[in-house]
Engineer: 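There's a structure below that I have some questions on.
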Amino acid sequence: MSVQTIRNVFSVETGYRLSDDQIVNHFPNHYELTRKDLMVKNIKRYRKELEKEGSPLAEKDESGKYLYLDFVPITYMLPADYNLFVEEFRKSPSSTWIMKPCGKAQGKGIFLINKLSQIKKWSRDSKTSSFMTQSTKEAYVISLYINNPLLIGGRKFDLRLYVLVSTYRPLRCYMYKLGFCRFCTVKYTPSTSELDNMFVHLTNVAIQKHGEDYNHIHGGKWAVNNLRLYLESTRGREVTGKLFDEIHWVIVQSLKAVAPVMNNDKHCFECYGYDIIIDDKLKPWLIEVNASPSLTSSTANDRILKYNLINDTLNIAVPNGEIPDCKWNKSPPKEVLGNYEILYDEELAQGDGADRELRSRPGQSLGPRGGRSRDSGRTVLTTWK
Amino acid sequence: MLQEESDLALIIAQIVQKLKGSNLYAQLERQAWASLQRPEIKLESLKEDIKEFFKISGWEKKLQNAVYSELSVFPLPSHPAAPPEHLKEPLVYMRKAQGSWEKRILKSLNSMCTELSIPLARKRPVGEQKELLNKWNEMGTDEPDLSLFRPVYAPKDFLEVLINLRNPNYENGDSHSFRTHLGLIQVPLKVKDIPELKEFFVELGLTAGQLGVDDSTQVPPELFENEHVRIGQKVLSEQDSAAAQQYIRQGSPTALRAELWALILNISSQPEDILYYEQLKTNVIQHDLLVDSLIYKDVKLTASNDDYYFVFEDYLYQVLLCFSRDTSVLGHFAYSSASPPKSYIRGKLGLEEYAVFYPPNGVIPFHGFSMYVAPLCFLYHEPSKLYQIFREMYVRFFFRLHSISSHPSGIVSLCLLFETLLQTYLPQLFYHLREIGAQPLRISFKWMVRAFSGYLATDQLLLLWDRILGYNSLEILAVLAAAVFAFRAVNLMEVTSLAAAEAVLADLSTLKVMPLLQIFLFATVT
């Protein structure tokens, strides 16, 4: 079902009730995670809550930055937080910021700015803002642009990872092993003269495929396993393992952040497309989460990947190919996982040694394997709760 | 006894001669002079004290590594009165074949040159030089018009030459018996059979731990992997080439591979090396060679379209363009059966004083050449180091894959080894494939010429190349090729055409190299 249809299905007006043998591929209020502004809002709220509780996860360093929960670049909603943004902007006036429309995808409407004058339109007091409706469609988020991305072959790339969530409470999520990196076709330069060149900065295939050097055979897509091999060979095993642990941590924390507000309808499952950028200090940043990741394919390999993705997703959501019954316990046997591996299973994690202390460092007890799963079927990716 | 001693003395003399011209010699001399300041060096026992000093400070190790490195390409012992051509290649008919093949390539190159009226070499105008310097890091986006260029030759052309190779002194009669070699290569060279291979590759046996087998997720790391990594780190800290070569036979941990290969190939990035690379880069900027366009075309046709290597496209230009101008590569022709092509300054054809080697490094690239460099980009991201490693890999191993020689690691021997293994241990399969017109070598040749680059997944390829370095031999390529056929034998028995056979063997990217090799060598009932 598409997002539009989901909206209709779950809308109060239609009064449509899903019967027990109907399973749908979106959660009713998935936008809490997949809209750029709501995602940031939820994560900010989650962090504040943990801070209030005094949880060690919310620990901050001397400069007030979260030690373990700082995975989203500084973001403000426009026009609502315009003044807050200006304050932040003035602190480092030479920084670059990226403007993204909240409700759009495929890189549409995104642009970079490095001067306040470029976003005058969104200023709350501005006279021209009268024609800007406050409706959610026109809202933008502005984030600090990560102008030091990790470059390989001189090009910027981001990671597309697929995460399947079968239930939010208890949280059960799976990560697809075959994620990929999307490369830009043009060499990266932070130079201000190229701020308008979307081929340098935006990795969306929808944009890059119009570039001169776009290659239809590989489509600029590089398997995550290649990234892992490259980083291990050139940077060493420990830092690579740490990077991948952090990526898993980021994904799980983002899901935990929206879990309380998510309508955990038992008829629902969802496969998200996570976009993550790694900076040159090997720190991962969560850019956004997509509810309807593109399932069309741009290359032959891509087609095979997406086909298997859909196959494995359906096997987990509706096991055994039988008529689904939404009352089942949503614990698929490990044989059907296919290319998925368990990212986090709250039920197992909680039952698994309640006397274990809350681990405050991400990825501490993952052993040398990091992201690979073992046959034992334990939730080895996360032993922290 | 006496003969051996004098052989040894000769080898030692030759190596000393070679090393005397090297940078290491100058460094050792400087170190020796400097050491005179040290208190422990006494005049009475000067020689011993300096030797002791070298041992402690690690210089002896460096010297050892250098000697070891020379030995690895040293030609096999021969008659002291043998002329230099014999050192290159002892068999006359092979030399002749290589000579005529080279003539053909050069003719093809020259005719392309006159057809397109492009000079073999020209000096770049200053404006163009500046532009190239600016674009040095992104030559992939340059896209000159390459449509008129064709690669000088492709592996299958070379295969045709090898198929027609015959030893004029060998006549095996017309009668066909079970001894008749059914394959395409019809020259009598000695190749190893499985018992000999088992002995040669003893470290790959079933009782020894292997990376590529024993580091999979099912096996707990305590069993082999952890200890192996620990030993690897120790080898690196000792900086011993020979030990590293022995160690890597069981595979290299990913994190240590870059350093281990550098140690085995005796590459250390000295300032002189970086300077040398910069010098080559300047040569590229100043002069344009026809060969450059061939390189561009090759990269665009192969690596740019490869799912694993497209990211590193620009590095490939940076390495290959410099490589073709590197005259130090000419040194390897002393032990290679090939000779660098000569070109004459316009109008002075035939006059030796006006002959130059073209391209300067004497190597004309063929279709797929850039795939030799591509996997190395996963290990080294610093261009001058990447360059050094590639150059050393080429002059030690890769050159044998596209020149006609009788060397056990030469491509002719590899083809023969492959066919013999297949015919001896999978005779039914071989016969069937031959009957349907799908000679196995026609399919596996391209794998071996490229050392499987571009056919295997990169992590598997690197495990394979670990073993090439470890055993200082390319024979493992032939064994792997045979193992692949053995693995897919069931499907291959059912095909009825060459195209179908190609299809069965088209995708090797899911293969795990080490288990295949182990099964073929050690676990197949013969």
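A, B, ... follow the sequence lines: proteins, then strands. Residue 1 opens every chain. What you see is a predicted model, and the numbers here were worked out from it, not measured in a lab.
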Engineer: With rounding to the nearest 0.5 angstrom, report the CD to CG distance, A/E232 to B/L256.
Structural biologist: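 The distance works out to 10.5 Å.
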Engineer: Indicate the atoms forming the closest heavy-atom contact of A/G236 with B/A255, along with that distance.
Structural biologist: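 Closest pair (atom of A/G236, atom of B/A255, distance): CA-CB, 4.1 Å.
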Engineer: Write down the atom of B/D314, the atom of A/G153, and the distance for their closest heavy-atom approach.
Structural biologist: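 The answer is OD2-O, 4.2 Å.
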Engineer: One pair to check against side-chain contact (heavy atoms from CB on, under 4.5 Å): B/F378 and A/T234. What are the steps and the verdict?
Structural biologist: CA-CA 7 Å; B/F378 267 84; A/T234 51; over 6 Å; no
Engineer: Please report the interatomic distance CZ(B/R257) to CG(A/L229), rounded to the nearest 0.5 Å.
Structural biologist: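 If we round to the nearest 0.5 Å, B/R257:CZ and A/L229:CG are 7.0 Å apart.
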Engineer: How long is the gap from CG on B/D306 to NE2 on A/H218, to the nearest 0.5 Å?
Structural biologist: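 Answer rounded to 0.5 Å: 8.5 Å.
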Engineer: Could you list which of residues 455-465 of chain B have a heavy atom closer than 4.5 Å to any heavy atom of chain A, in residue-number order?
Structural biologist: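 Near chain A, by residue number: B/T458, B/D459, B/L462.
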Engineer: Of all of B/F310, B/F312, B/Y308, which one pairs up most often with chain A through heavy atoms under 4.5 Å apart?
Structural biologist: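 Of the options given, most contacts go to B/F310.
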Engineer: Under a 4.5 Å heavy-atom cut-off, does chain B meet the side chain of A/Y230, its backbone, both or neither?
Structural biologist: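 Interface part for A/Y230: both.
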Engineer: Determine whether more than 12 heavy atoms belonging to other residues, nucleotides or ligands lie under 6.0 Å from atom CD of B/Q270.
Structural biologist: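 Check passes, neighbour count above 12.
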Engineer: Please list all pairs passing the salt bridge (Lys or Arg N to Asp or Glu O under 4.0 Å) test where one or both residues lie in residues 258-268 of chain B, with sequence neighbours left out.
Structural biologist: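 Residue pairs with at least one partner in residues 258-268 of chain B: there are none.
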Engineer: Could you pull out all residues at least two apart from B/E128 that satisfy salt bridge (charged side-chain N to carboxylate O under 4.0 Å, His left out)?
Structural biologist: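 Per chain and number, B/E128 pairs via salt bridge (charged side-chain N to carboxylate O under 4.0 Å, His left out) with B/R122, B/R124.
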Engineer: Out of B/S304, B/C377, B/A258, which one racks up the most heavy-atom pairs below 4.5 Å with chain A?
Structural biologist: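 So the answer, after comparing B/S304, B/C377, B/A258, is B/S304.
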Engineer: Any idea which of A/K221, A/R155, A/K187, A/E238 has the most non-hydrogen atom pairs under 4.5 angstrom with chain B?
Structural biologist: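 Highest number of pairs under 4.5 Å: A/K187.
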Engineer: Could you tell me which residues satisfy salt bridge (charged side-chain N to carboxylate O under 4.0 Å, His left out) with B/D307, sequence neighbours excluded, listed by chain and number?
Structural biologist: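 For B/D307, no residue satisfies salt bridge (charged side-chain N to carboxylate O under 4.0 Å, His left out) once neighbours in sequence are set aside.
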